[in-house]
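Positions are given from 1, in the same order as the sequence printed here. Indexing begins at 1, ligand by ligand and atom by atom, following the structure's order.
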Amino acid sequence: MPTSTFREFVAHLDRTGELARVKAKVSPALEIAEIADRMSKSPAPHGHKELDRNPAAKLGGKALLFENIEGSDIPVAINTFGSYWRINQALGTDNLEALAERVQQLVKPEIPSTFFQKLKKLPDLIKMAGFPPRVTKTGICQQVVLEGDAADLTRLPIIQCWPLDGDLRSGQVFDEAAAQRAADTQTGTGRYITLAGIYTKNPNDGSRNVGMYRVQVHGPKLASMHWHMHHDGARHFRMYQKRGEPMPLAIVLGGESVLPYAATAPLPPGVEELLFAGFLNNHGIELVQCKTIDMQVPANAEIVIEGLVDPTGKLLEGPFGDHTGFYSLADWYPAFHVTAITHRRDPIYPTTIVGKPPMEDYFLGKATERIFLPLLKMLIPDIVDYSLPISGVFHNCAFVKIRKEYPFQARRVMHAIWGAGQMAFTKFIVVVDEHVNVHDEQDVMFHLYANCDPARDTEVVHGPVDILDHASPDLGAGSKMGFDATVKLPAEGKVRTWPKELAMDEKTKALVSKRWKEYGFE
Ligand SMILES: Cc1cc2nc3c(=O)[nH]c(=O)nc-3n(C[C@H](O)[C@H](O)[C@H](O)COP(=O)(O)O)c2cc1C
Ligand SMILES: [Mn+2]
């Protein structure tokens with residue numbers, strides 16, 4: 001079962017040999033980040049069946065609990081979801097495919113004629129699964145309520161991840177002139193809240209959204225909200241801007257162990273993350289009313305920061321060392337004003353660091369890759385399996401396996417992916433045949449190099465790209481490329497006799513396996 005609090009999850013990791021407690025005093029500025037980065041790139045304690053297919057994913061090291069932090073009496077936990085085994089534990093499963101199967105079951109009973117009808121049904125289906133959030137009167141997240149001067153962000157052990165984070169004089173800025181003007185007056189620090197669920201509400205219909213967006217600290221009661229324009233938090237904010245009203249917003253740290261993942265899941269707009277989290281949790285998420293804003297938050301959270309987003313005021317946010325392995329340039333984002341901080345007695349502060357992969361977020365992404373495969377297949381039935389390789393940081397690359405039946409099928413699949421939700425931002429797509437292991441980068445590259453004639457087998461399109469793509473000529477707009485690495489059929493251009501790929505016959509393989517020891521091998 002998933003755990004109902006973050007603290008229990010950390011205790012579970014401790015009991016199972018997955019946690020390292022660090023008693024030495026450490027700085028929240030850079031030191032924790034460097035330790036976590038090294039840990040992410042070390043072998044993980046528990047193996048996992050998924051590793052058989054994906055040899056590069058044995059990494060993740062241990063989760064870390066820093067008990068002695070300079071400048072704060074709150075301990076910091078990091079890398080808690082950063083391995084296959086740990087993300088599985090958080091979601092209460094021993095393999096992500098079993099979870100995907102549950103999603104599949106959810107989708108199956110309804111047979112409307114088109115995919116879009118099915119997609120529209122998804123909220124109902126998740127609701128029907130029967131785990132809606134439940135509002136309770138009290139919650140541990142409000143054991144301590146801090147208002148006024150006591151509601152001070154700088155008392156939390158918020159970390160700095162990379163050296164140039166928040167440094168407007170570093171040249172890592174979107175608009176040099178604006179940054180120059182702003183550098184003296186701007187307040188951005190290098191401290192970012194990185195593993196929080198951001199809770200907002202649609203002012204028109206009251207529906208809730210939870211997204212994981214980083215939050216930069218600008219002062220004791222001031223922060224900036226970094227939601228990409230394509231994400232639901234930004235969509236809600238535009239609604240408040242239109243009304244000219246401040247937007248109530250809660251930053252939630254901890255809670256049920258499924259929550260951080262649920263905040264990152266690419267659910268279609270209007271499908272509530274809290275319903276999905278209840279489904280993953282097998283139990284509705286308990287919510288309590290916030291103290292100073294009209295918002296409900298998980299009762300079992302460690303720490304909740306309540307506040308209002310100014311419909312007009314903007315702050316220069318960034319730069320920030322991002323999951324692409326590069327800094328994202330400082331740019332203007334909405335200002336958030338803290339109205340209260342509530343927490344449980346003796347809270348643990350959960351955080352993460354992103355950077356050159358693999359890091360903790362790789363495993364959150366892998367959970368999405370597996371859990372959403374049934375939905376992707378529903379949209380594009382040609383797809384047998386897919387993988388988002390470590391080196392592609394999610395949106396840069398997808399390996400897609402199809403059962404090829406007709407000419408140009410790979411191209412059709414590419415175009416379908418470029419039209420599918422958050423998958424649409426995929427910069428490079430490699431389509432391979434059914435016998436290729438998409439979880440093994442080496443196997444995919446082998447077929448890409450061997451099977452592609454670059455002039456004949458590539459497809460270049462223009463469209464929206466990820467906001468974090470720094471190579472595209474414009475922010476959020478650029479080109480994407482597909483490689484058809486499948487065996488070519490006659491109608492796919494000029495194709496000569498295609499040679500057969502080498503493979504030993506089954507009989508000989510069985511014979512050699514049987515006699516292996518006899519030859520003197522282990
Ligand atoms: C560690 C981590 C940090 C993230 N930071 C951001 C961020 O700063 N801004 C953002 O828009 N999305 C960020 N994301 C991605 C979103 O959480 C994700 O796309 C989510 O599906 C958005 O939910 P929404 O569609 O409800 O907005 C982050 C994801 C992870 C795993
Ligand atoms: Mn959403």
Does the ring centre of Tyr213 sit less than 6.0 Å away from the ring centre of His226?
no
Proximal heteroatom of Glu273 relative to the Mn ion (ligand 2) (N/O/S):
OE2
Could you state the interatomic distance from CD (Glu245) to CG (Leu308), rounded to the nearest 0.5 Å?
11.0 Å
Could you find the nearest protein heavy atom to atom 6 (C) of ligand 1 and give me its residue, atom name and distance?
Met212 O, 3.2 Å
So which protein heavy atom does atom 11 (O) of ligand 1 come closest to, and at what separation?
His231 ND1, 2.6 Å
Just which atoms of ligand 1 are under 4.0 Å from any heavy atom in Pro266?
21 (O)
With a cut-off of 4.0 Å, which atoms of ligand 1 are near a heavy atom of Ala265?
21 (O)
Report the nearest protein non-hydrogen atom to atom 31 (C) of ligand 1: residue, atom name, distance rounded to 0.1 Å.
Thr264 CG2, 3.6 Å
Tell me which protein heavy atom sits closest to atom 9 (N) of ligand 1, plus the residue, atom name and distance to 0.1 Å.
His226 O, 2.7 Å
If we ignore angles and hydrogens, is there a donor and acceptor under 3.5 Å between the side chains of Glu302 and His343?
no
Looking at Asp165 and Arg191, does any basic side-chain N land under 4.0 Å from a carboxylate oxygen?
no
Touching ligand 1 at all, His323? Heavy atoms, strictly under 4.0 Å?
no
So, Asn300 versus Glu256: side-chain donor-acceptor pair below 3.5 Å or not?
yes
Taking 4.0 Å as the limit for heavy-atom contacts, which would you say applies to Ala263 with ligand 1: side chain only, backbone only, both, or neither?
backbone
Any N/O/S atom, backbone or side chain, of Glu272 lying under 2.8 Å from the Mn ion (ligand 2)?
no
For ligand 1, which atoms, with element, lie under 4.0 Å from some heavy atom of Trp227?
11 (O)
Given Pro248, which of Thr339, Ile293, Thr200 fulfils the side-chain contact (heavy atoms from CB on, under 4.5 Å) condition?
Ile293
Would you please indicate yes or no on a ring centroid separation below 6.0 angstrom for His231 and His236?
no
Protein residue, atom and distance nearest to atom 27 (O) of ligand 1, heavy-atom basis:
Tyr213 OH, 2.5 Å
Does Val354, backbone or side chain, put an N or O under 3.5 Å from an N or O of ligand 1?
no
With heavy atoms only and a cut-off of under 4.0 Å, state how Val210 meets ligand 1: side chain, backbone, both or neither.
backbone
Is the closest side-chain donor-acceptor distance between Asp385 and His439 under 3.5 Å?
yes
Please identify which atoms of ligand 1 are closer than 4.0 Å to at least one heavy atom of Glu273.
26 (O)
For this output row, return yes or no: ring centroids of His470 and Tyr327 closer than 6.0 angstrom.
no
Ile429 versus Trp418: any side-chain heavy-atom pair under 4.5 Å?
yes
Check each heavy atom of Asp232 against ligand 1 and say whether those closer than 4.0 Å belong to the side chain, the backbone, both or neither.
both
Between the Mn ion (ligand 2) and Asp232, which N, O or S atom of the residue is the nearest one?
OD2
Using a 6.0 Å distance limit plus a 45 degree cone around the ring axis, check whether Arg86 lies over the aromatic ring of Phe363.
no
Within-cut-off N or O pair, His228 and ligand 1, under 3.5 Å:
yes
Would you say Gln422 contacts ligand 1, with heavy atoms under 4.0 Å as the rule?
yes
Less than 6.0 Å separating the ring centroids of Phe81 and Phe9?
yes
